[in-house]
Amino acid sequence: MEPVAVGLIGAGPWAEMAHAPMLAKGPHTRLAGVWARRPEAAARLGAPVFERIEELFDACEAVAFSVPPAVQAELGVLAARAGKALLLEKPLADSLENARRLADAVAETGVPTQMVLTMRYAPQTRAFLARCGEIEPFGGHAANISGVLTGGHVFGTPWRLERGALLDVGPHVVDLLDAALGRVTGVRAHGDPLRWTGLLLEHESGAVSEASLCMAAVGDLPPSTFAVYGRTGNAVLQPWDDDPFDTVAEEFAATVRAGGGHPLDAAHGLRLQHVLAEAERQLAAP
């Protein structure tokens with residue numbers, strides 16, 4: 001099957017480390033070109049650089065995003081209206097309003113979408129979720145601790161420094177607990193996104209879970225942890241260092257060829273955004 005021609009929007013560190021190599025590697029995709037607000041950065045990615053985003057759209061059948069959430073929300077609408085399939089980063093947008101606008105554009109145009117919730121593509125995660133389905137789960141907990149906000153980190157970008165752990169790693173954590181325990185139907189949040197955030201999630205299954213998020217820690221830090229407990233056993237996500245991007249590219253190509261149908265689509269991203277927005281509202285309340 002002919003590789004899917006994917007244009008890349010964005011040329012920052014994550015585009016250089018993950019998106020560009022993934023799309024160029026093949027065999028399921030090929031990197032058709034790059035558009036970025038800094039052409040000199042785009043030139044480092046080893047693909048044709050387009051001065052106008054419309055020219056990128058003309059050169060591809062799908063678009064991948066590696067830009068801040070607000071930019072993805074804006075340009076994702078343009079790409080959807082141009083009829084391009086979308087490979088979207090998390091979170092879907094910088095706000096619930098903008099997430100709805102992007103999801104509405106996707107629904108109106110019918111373009112295929114898929115989100116790069118990286119953990120969900122690892123075989124260890126899929127084994128963990130399969131185990132969760134066997135144990136009649138009633139609760140779980142997760143922790144994601146890093147030092148990204150402490151200064152000098154390659155991912156200490158302006159939007160992360162402003163919004164903190166909830167908007168950055170929150171989608172990964174909420175998504176995985178949602179998949180393990182059932183759809184999240186309620187959230188209670190406390191703390192500070194720039195220091196330590198605690199979430200208590202309620203799931204439609206009746207299960208509850210707790211999550212701790214922090215990007216301001218220092219020193220030797222533990223790996224992320226996920227554990228779920230049920231009536232017939234427990235499940236713990238095993239550490240992994242596999243590269244999930246081969247799977248991302250393969251599944252995105254299949255999503256494009258099928259015309260949609262991936263479970264991690266824009267509608268799923270909007271659902272996660274509802275949880276994040278409510279948690280942010282609570283954290284901002286006096």
Side-chain angles (χ1 to χ4, degrees), residues 6-25 29-47 49-50 53 56 60 62-76 79 85-94 98-99 102 113-122 125 144-173 175-176 193 213 215 223-224 240-252 264 266 269 272-273 276:
V6 186
L8 177 59
I9 293 179
W14 190 232
E16 189 170 358
M17 294 168 60
H19 287 78
M22 169 186 71
L23 297 170
K25 182 179 180 181
T29 60
R30 68 176 179 87
L31 182 57
V34 182
W35 179 89
R37 292 179 175 175
R38 294 183 298 117
E40 69 280 4
R44 295 198 299 264
L45 301 185
V49 176
F50 293 92
I53 197 169
L56 178 69
C60 65
V63 176
F65 291 85
S66 186
V67 291
V71 180
Q72 175 169 274
E74 174 191 353
L75 300 183
L86 309 180
L87 184 62
L88 298 158
E89 265 296 342
K90 56 77 199 167
L92 188 61
D94 59 321
N98 285 339
L102 177 51
T113 60
Q114 184 176 318
M115 295 198 68
V116 186
L117 289 157
T118 327
M119 297 180 68
R120 292 287 293 276
Y121 298 90
T125 302
N144 191 305
I145 314 299
S146 77
V148 169
L149 302 183
T150 57
H153 197 285
V154 66
F155 293 122
T157 51
W159 73 268
R160 290 181 174 91
L161 294 172
E162 177 186 356
R163 304 291 287 276
L166 187 59
L167 205 63
D168 185 21
V169 298
H172 289 302
V173 173
D175 168 65
L176 197 48
L213 312 174
M215 294 170 62
S224 298
W240 53 276
D241 56 7
D242 306 64
D243 181 357
F245 290 103
D246 287 348
T247 304
V248 174
E250 180 178 3
E251 293 190 5
F252 183 56
L264 303 180
L272 296 179
Q273 196 93 32
L276 301 174

Taking all non-hydrogen atoms of both residues into account, name the closest pair between [X] and [Y] and its distance.
X      : Y      : answer
Glu89  : Trp14  : OE2-NE1, 2.7 Å
Ala47  : Val34  : CB-CG2, 4.0 Å
Phe155 : Val148 : O-CG1, 3.5 Å
Pro244 : Thr118 : CG-CG2, 3.3 Å
Pro91  : Trp159 : CD-CH2, 4.1 Å
Pro171 : Leu276 : CG-CD1, 3.7 Å

Nearest-0.5 Å distance, [atom1] of residue [X] to [atom2] of residue [Y]:
X      : Y      : atom1 : atom2 : value
Cys60  : Trp35  : SG    : CH2   : 13.0 Å
Asp168 : Asn144 : CG    : CG    : 8.5 Å
Ser224 : Met119 : OG    : CE    : 6.0 Å

Start with the C-alpha distance between Lys90 and Val116, add both sets of side-chain angles, then the distance that settles side-chain contact (heavy atoms from CB on, under 4.5 Å), and finish with yes or no.
CA-CA 7 Å; Lys90 56 77 199 167; Val116 186; over 6 Å; no

With sequence neighbours left out, the residues meeting side-chain contact (heavy atoms from CB on, under 4.5 Å) with Ala36 are Ala11, Ala42

Across all chains, not counting sequence neighbours, the side chain to side chain donor-acceptor pair (under 3.5 Å) partners of Asp94 are Asn98

Side-chain donor/acceptor of [X] to backbone N/O of [Y], under 3.5 Å:
X      : Y      : answer
Gln72  : Leu92  : yes
Thr113 : Ala266 : yes
Thr29  : Leu23  : yes
Gln273 : Ala93  : yes

So, do [X] and [Y] sit near enough that their side-chain heavy atoms are less than 4.5 Å apart?
X     : Y     : result
Phe65 : His19 : no
Leu87 : Met22 : yes
Ser66 : Leu8  : yes
Val67 : Leu75 : no

For Tyr121 and Asp246, what are the C-alpha separation, side-chain angles and deciding distance, and is it a side-chain contact (heavy atoms from CB on, under 4.5 Å)?
CA-CA 9 Å; Tyr121 298 90; Asp246 287 348; over 6 Å; no

Given Thr125, Asp175, Thr247, the one that forms side-chain hydrogen bond (donor to acceptor under 3.5 Å, both in side chains) with Arg120
Asp175

Using the test salt bridge (Lys or Arg N to Asp or Glu O under 4.0 Å), find all partners of Arg163 that sit at least two apart in sequence or belong to another chain.
Glu280

Quick one, Val71 with Ile9, criterion side-chain contact (heavy atoms from CB on, under 4.5 Å). Give me CA distance, side-chain angles, the key distance, then yes/no.
CA-CA 10 Å; Val71 180; Ile9 293 179; 5.5 Å; no

Apply the test side-chain contact (heavy atoms from CB on, under 4.5 Å) to residues Leu88 and Leu102: give CA-CA distance (whole Å), side-chain angles for both, the deciding distance (0.1 Å), then the verdict.
CA-CA 11 Å; Leu88 298 158; Leu102 177 51; 4.2 Å; yes

